Amino acid sequence: MPANVSVEKNEIRTAKTQLERMRATVRRAVSIGPRFLRGEIDADRMANTMVSAVEDFAAAERETGAAARAHGEEAEVLLEVIRELRACGSGYLAGRCDGACVGRTMRALVDEFGER
């Protein structure tokens, strides 16, 4: 596992607020999205990163007692993104969609949340 993924995983777990955890979760997937879209990493790794980020978020939420309920308007938007990360990543891993589908999801998320 590259060092930056490990750091980002810790970022999700150590964030002080739900909103920080949500932002870190989206950032973790979006940070490797451009490499996936350029073909530098495969759909398996992208989907596993998506699912892993969401699982880490859910674990951190359980630890804090937040139970993945959005607290605020921005949190509601980010929770929908997190749900999409899980649905898309797990759908691909279960064989319900293909790499092109993951690509469409990541293109939209990189466009919306990627570094400018």
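Residues take their numbers from the sequence shown, with the count starting at 1. Below, each value reflects all heavy atoms present in this structure, side chains not excepted, and no hydrogens, waters or symmetry copies. Predicted model only: the values in this text are computed from it and were never measured.
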- Task: Just jot down the side chain to side chain contact (heavy atoms under 4.5 Å, CB included) partners of Ala75, sequence neighbours excluded, or say none.
- Result: Gln18, Leu19, Met22, Ala70
- Query: Which heavy-atom pair separates Phe36 from Ala43 by the least distance, and what is that distance?
  - Reply: CE1-CA, 3.5 Å
- Task: Nearest 0.5 Å please: distance from the CG atom of Leu85 over to the CD atom of Glu55.
- Result: 12.0 Å
- Heavy-atom side-chain contact between Glu20 and Thr17 under 4.5 Å: yes
- Quick one: do Met50 and Glu84 satisfy side chain to side chain contact (heavy atoms under 4.5 Å, CB included)? Show the steps, please. CA-CA 9 Å; Met50 295 161 80; Glu84 179 62 23; over 6 Å; no
- Message: Using the rule given for side chain to side chain contact (heavy atoms under 4.5 Å, CB included), can you reason through Phe113 versus Leu78, listing the C-alpha separation, both sets of side-chain angles and the distance that settles it, and then say yes or no?
- Response: CA-CA 10 Å; Phe113 298 100; Leu78 291 174; 3.9 Å; yes
Listing, residues 102-110 side-chain donor-acceptor contacts under 3.5 Å, not counting sequence neighbours, or none:
| unit_1 | atom_1 | unit_2 | atom_2 | d |
| --- | --- | --- | --- | --- |
| Thr105 | OG1 | Cys101 | O | 3.4 |
| Arg107 | NH1 | Asp111 | OD1 | 3.1 |

- Query: Once you round to the nearest 0.5 Å, how far does CD of Glu40 lie from CD1 of Ile32?
  - Reply: 11.0 Å
- Query: What residues form a salt bridge (Lys or Arg N to Asp or Glu O under 4.0 Å) with Glu73, not counting sequence neighbours?
  - Reply: none
- For Cys88 and Cys97, the nearest pair of non-hydrogen atoms, with its separation, is O-SG, 4.2 Å
- Residues which pass salt bridge (Lys or Arg N to Asp or Glu O under 4.0 Å) with Glu112, listed by chain and number, not counting sequence neighbours: none
- Note on the structure: With sequence neighbours left out, the residues meeting side chain to side chain donor-acceptor pair (under 3.5 Å) with Asn48 are none
- Message: Using the rule given for side chain to side chain contact (heavy atoms under 4.5 Å, CB included), can you reason through Glu115 versus Val30, listing the C-alpha separation, both sets of side-chain angles and the distance that settles it, and then say yes or no?
- Response: CA-CA 9 Å; Glu115 290 185 18; Val30 169; over 6 Å; no
- Message: Quick check on side chain to side chain contact (heavy atoms under 4.5 Å, CB included): which of Arg28, Arg86, Arg83 does Val54 satisfy it with?
- Response: Arg86
- Report the C-alpha distance between Asp56 and Thr25 in whole Å, list the side-chain angles of each, state the deciding distance to 0.1 Å, and finish with yes or no for side chain to side chain contact (heavy atoms under 4.5 Å, CB included). CA-CA 8 Å; Asp56 291 340; Thr25 301; over 6 Å; no
- Query: Which residue pairs pass the salt bridge (charged side-chain N to carboxylate O under 4.0 Å, His left out) test when at least one of the two sits in residues 93-102, sequence neighbours left out?
  - Reply: none
- Item | Beyond-backbone contact of Met46 with Arg35, side-chain heavy atoms, under 4.5 angstrom | no
